[in-house]
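Presented below is the structure to which this report refers.
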Amino acid sequence: MSTSHAPVPGLVIAIDGPSGSGKSSTSRGVASRLGLRYLDTGAMFRAITWWMLDHGVDVHDAGAVAVSAGEPQVVSGTDPAAPSITVDGVDVSVAIRSDEVNAAVSPVSAVPEVRARLLELQRQVIGEGGIVVEGRDIGSVVAPDADVKVFLTADPAARAARRALEEGGSDVAATEASLLARDAIDSTRKTAPLVQADGAVQLDTTGYTLAEVVDQVVALAQAVGNPR
């Protein structure tokens with residue numbers, strides 16, 4: 001695959017969408033192709049969730065989560081080839097993908113104090129740009145002035161199959177049920193719900209290979225003039 005260069009030094013690309021839509025793979029691929037940094041905001045919420053569980057905080061008690069939201073020190077690496085995340089200096093890149101964290105991340109993510117804390121950190125990382133940021137509210141809340149906004153979707157069955165494969169062969173039917181349940185929570189929460197941002201281009205990834213999806217997003221980025 002040919003190497004491209006970022007059309008704008010301070011480019012910000014926001015990629016949103018539900019679980020299993022291909023956000024991570026697409027975002028990392030686009031960042032690598034364009035020589036940009038990469039930020040997985042979902043991993044930041046998982047990191048906070050992991051900390052809550054590790055410290056015995058009841059993740060279903062919004063008040064308890066809110067009180068502790070400012071304690072964990074979360075640091076996100078931005079290398080798309082080797083993204084990393086630490087909490088209080090501990091590498092949690094593997095731990096945050098556990099079933100326990102999967103089950104707890106939605107209630108933790110719905111707590112406004114958690115979102116406010118991470119919003120500040122996310123905007124610090126974005127800084128002057130040169131980055132691809134993935135999540136559920138990037139184009140709508142975190143970086144509403146992003147140069148390129150993309151909302152990825154995919155058929156629920158395809159999303160479940162991808163996620164099950166990522167998890168090493170999980171039950172596809174159970175995975176689909178879990179994804180749909182999380183969609184419902186993320187789309188109806190009061191603070192920063194999962195929505196397609198104004199001005200975002202929707203891409204249904206169901207019938208495309210990863211390379212084809214990356215090509216489409218790169219084309220959108222290369223069509224950007226010099227807005228900054």
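If you read the sequence from its start, that first residue is 1, and numbering goes on from there.
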**Study point:** Whether Asp155 side chain and Thr206 backbone form a donor-acceptor pair below 3.5 Å
**Key:** no
Review point. Taking Arg37 for the side chain and Ile126 for the main chain, is one N or O donor matched with an acceptor at less than 3.5 Å?
Key: yes
Check your understanding: Nearest 0.5 Å, what's the CZ-CG distance between Phe45 and Asp40?
Key -> 11.0 Å
Review point. Quick one: OH on Tyr38 to CG on Asp79, what's the gap to the nearest 0.5 Å?
Key: 11.0 Å
Review point. Once you round to the nearest 0.5 Å, how far does CZ of Arg115 lie from CG of Asp137?
Key: 4.5 Å
Review point. Counting N and O atoms only, with roles assigned by atom type, does the side chain of Asp147 sit under 3.5 Å from a partner on the main chain of Val12, one being a donor and the other an acceptor?
Key: yes
Review point. If only atom types and distance count, is the side chain of Ser32 paired as donor or acceptor with the main-chain N or O of Gly29 below 3.5 Å?
Key: no
**Study point:** Distance (rounded to the nearest 0.5 Å) between Ser76 OG and Gln124 CD
**Key:** 11.0 Å
Review point. Taking the side chain from Thr205 and the backbone from Thr153, do they hold a donor-acceptor pair closer than 3.5 Å?
Key: yes
Review point. Rounded to the nearest 0.5 Å, what separation is found between the OG1 atom of Thr26 and the CD atom of Gln216?
Key: 9.5 Å
Check your understanding: In terms of hydrophobic clusters joined by side-chain contacts under 4.5 Å, are Val75 and Val92 together?
Key -> no
Name every donor-acceptor pair, under 3.5 Å, that has one atom in a side chain of residues 66-74 and the other anywhere in the protein, sequence neighbours excluded.
unit_1	atom_1	unit_2	atom_2	d
Ser68	OG	Ala64	O	3.4
Gln73	NE2	Glu71	O	3.3

Review point. Do other residues, nucleotides or ligands put more than 12 heavy atoms under 6.0 Å from the CD atom of Glu212?
Key: yes
Review point. Looking only at heavy atoms, which two atoms of Ala146 and Ala14 are closest? And how far apart?
Key: CB-CB, 3.9 Å
**Study point:** Within-4.5 Å side-chain heavy-atom neighbours: Thr41 and Val142
**Key:** no
Point to revise | Minimal non-hydrogen separation, Ile15 against Ser27, with atom names | key: CD1-OG, 3.5 Å
Exercise for review: Indicate the atoms forming the closest heavy-atom contact of Ser24 with Glu134, along with that distance.
Suggested key: OG-OE2, 2.7 Å
Review point. Once you round to the nearest 0.5 Å, how far does CD1 of Ile85 lie from CD1 of Ile96?
Key: 5.0 Å
Could you give the side-chain donor-acceptor pairs of residues 51-59 under 3.5 Å, partners two or more places apart or in another chain?
unit_1	atom_1	unit_2	atom_2	d
Trp51	NE1	His55	ND1	3.4
Trp51	NE1	His55	NE2	3.4
Trp51	NE1	Asp88	OD2	3.2
His55	ND1	Trp51	O	3.0
Asp58	OD1	His60	N	3.0

Exercise for review: State whether Asp215 and Arg33 are salt-bridged, where the test is any N-O pair (Lys NZ or Arg NE/NH1/NH2 against Asp/Glu carboxylate O) under 4.0 Å.
Suggested key: yes
Practice item. Please report the closest heavy-atom contact between Trp50 and Ala95, naming both atoms and the distance. Key: NE1-CB, 3.6 Å
Review point. Are Ile13 and Leu34 close enough that some pair of their side-chain heavy atoms sits under 4.5 Å apart?
Key: yes
Review point. Among Val133, Val132, Leu121, whose side chain to side chain contact (heavy atoms under 4.5 Å, CB included) with Leu39 holds?
Key: Val133
Exercise for review: Determine whether Arg123 and Leu119 make a side-chain contact, defined as any pair of heavy atoms from C-beta on separated by less than 4.5 Å.
Suggested key: yes
Practice item. Taking all heavy atoms of Lys149 and all of Pro144, pick out the closest pair and write down the distance. Key: NZ-O, 2.6 Å
Exercise for review: Output all residues satisfying side-chain contact (heavy atoms from CB on, under 4.5 Å) with Ser21, sequence neighbours left out; order by chain, then residue number.
Suggested key: Pro18, Lys23, Leu152
Point to revise | 4.5 Å side-chain heavy-atom contact, Val108 and Val105 | key: no
